[in-house]
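Residue indices begin at 1 and follow the sequence shown.
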Amino acid sequence: MGNSKSGAVSKEILEDLKLNTKFSETEIVQWYENFKRQCPTGRITKEEFQTIYSKFFPDSDANTYAQHVFRSFDTNDDGTLDFKEYIVALHLTSTGKTTRKLEWAFSLFDVDKNGYITKSEVQEICTAIFKLIPKDELAGLSEDENTAEKRANKLWKFFDKGDNERVAEGEFIQGVLENEEALRLIQYQPLK
């Protein structure tokens with residue numbers, strides 16, 4: 001396949017991504033070539049990621065949510081996404097298995113990265129999700145989730161925790177898997 005010096009994806013990264021995603025070697029190589037064209041340094045900054053992410057939500061304010069998504073995928077905390085982090089992010093958000101997606105969702109809600117989710121973290125992410133919803137769709141939301149706070153409260157109730165308690169990853173995954181309503185609340189699906 002070549003090595004990094006020749007501009008091709010390294011065999012090590014290629015094999016790792018083939019094992020851990022559903023992408024084929026051809027797809028990974030194509031993604032890599034596109035990634036290198038878009039990001040000649042081999043890294044995406046938070047600002048570049050926000051710009052790219054915002055294009056998926058042209059009628060909304062996606063910046064806050066994009067920052068949280070970026071944080072959850074910047075696994076080495078260096079302030080950038082390398083190709084491997086980018087492809088794993090792409091895989092998890094588009095085609096990953098439900099349990100893996102929920103592991104990612106947990107890391108998204110675990111704002112302080114301490115291994116637990118608090119009600120205030122749920123509120124923070126629900127506020128970011130709420131900003132993704134275009135104004136014309138807000139009017140169609142049910143009374144019990146037509147604000148970020150109401151949505152966060154509704155989601156928190158599924159975990160059967162007090163306001164000052166916290167939720168571990170296993171509890172989060174189990175709680176969301178057992179309730180389709182909770183699964184719907186942790187994300188935003190555009191109507192279009």
For this session: Could you walk me through whether Asp78 and Arg43 pass salt bridge (charged side-chain N to carboxylate O under 4.0 Å, His left out), step by step?
Result: CA-CA 10 Å; Asp78 69 352; Arg43 301 195 161 280; 3.2 Å; yes
Problem set entry | Chi angles and distances behind the salt bridge (charged side-chain N to carboxylate O under 4.0 Å, His left out) call for Glu103, Arg100 | CA-CA 5 Å; Glu103 288 170 358; Arg100 289 288 307 273; 3.6 Å; yes
For this session: Before giving the answer on side-chain contact (heavy atoms from CB on, under 4.5 Å), spell out for Leu102 and Leu177 the whole-Å C-alpha distance, their side-chain angles and the decisive distance to 0.1 Å.
Result: CA-CA 9 Å; Leu102 292 177; Leu177 282 175; 3.6 Å; yes
Exercise. Could you walk me through whether Asp77 and Arg71 pass the salt bridge (charged side-chain N to carboxylate O under 4.0 Å, His left out) check?
Worked result: CA-CA 8 Å; Asp77 288 325; Arg71 172 193 40 80; over 6 Å; no
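Look at Lys18 and Glu15 and you find a salt bridge, because one of the NZ, NE, NH1 or NH2 atoms lies within 4.0 Å of a carboxylate O, short of that distance.
The aromatic rings of Phe83 and Tyr86 lie tilted to each other, with the angle between the two planes from 30° to 60°. Using cut-offs of 30° and 60° on the angle between ring planes, the pair His91 and Phe23 is perpendicular.
Counting only distance, with no hydrogens or angles, the side chain of Asn20 and the backbone of Asp16 share a donor-acceptor pair below 3.5 Å. Listed for the Asp59 side chain is no donor-acceptor partner under 3.5 Å among the backbone atoms of Pro134. Side-chain N or O atoms of Glu85 include one that pairs as donor or acceptor with a backbone N or O of Asp82 at under 3.5 Å. No donor-acceptor pair under 3.5 Å is formed between the side chain of Glu169 and the backbone N or O of Tyr116. Side chain of Trp156 to main chain of Lys161: a donor-acceptor pair is present (N/O by atom type, distance under 3.5 Å, no hydrogens or angles).
Applying the salt bridge (charged side-chain N to carboxylate O under 4.0 Å, His left out) test to every pair with at least one member in residues 146-156, sequence neighbours left out, gives these pairs: Glu143-Lys150, Asp144-Lys154, Glu145-Lys154, Lys154-Glu181.
At a cut-off of 3.5 Å, with distance as the only test, a side-chain donor of Ser120 or Thr118 sits close to an acceptor on the other residue. Side-chain contact check for Glu137 and Tyr188: at least one donor-acceptor pair (N or O, by modelled atom type) lies under 3.5 Å.
Under a cut-off of 6.0 angstrom, the local environment of CD in Glu12 is sparse, with at most 12 non-hydrogen atoms contributed by other residues, nucleotides or ligands.
When the options Leu17, Leu14, Val9, Thr75 are evaluated for a side chain to side chain contact (heavy atoms under 4.5 Å, CB included) with Lys84, the one that passes is Leu17. Checking each of Asp163, Val167, Asn164, Leu155 against Lys119 for a side chain to side chain contact (heavy atoms under 4.5 Å, CB included) leaves exactly one that passes, namely Asp163.
Atoms CD1 and NZ, on Ile173 and Lys101 in that order, are 14.0 Å from each other to the nearest 0.5 Å. We find the CD1-CG distance between Ile133 and Asp61 to be 12.0 Å, quoted to the nearest 0.5 Å.
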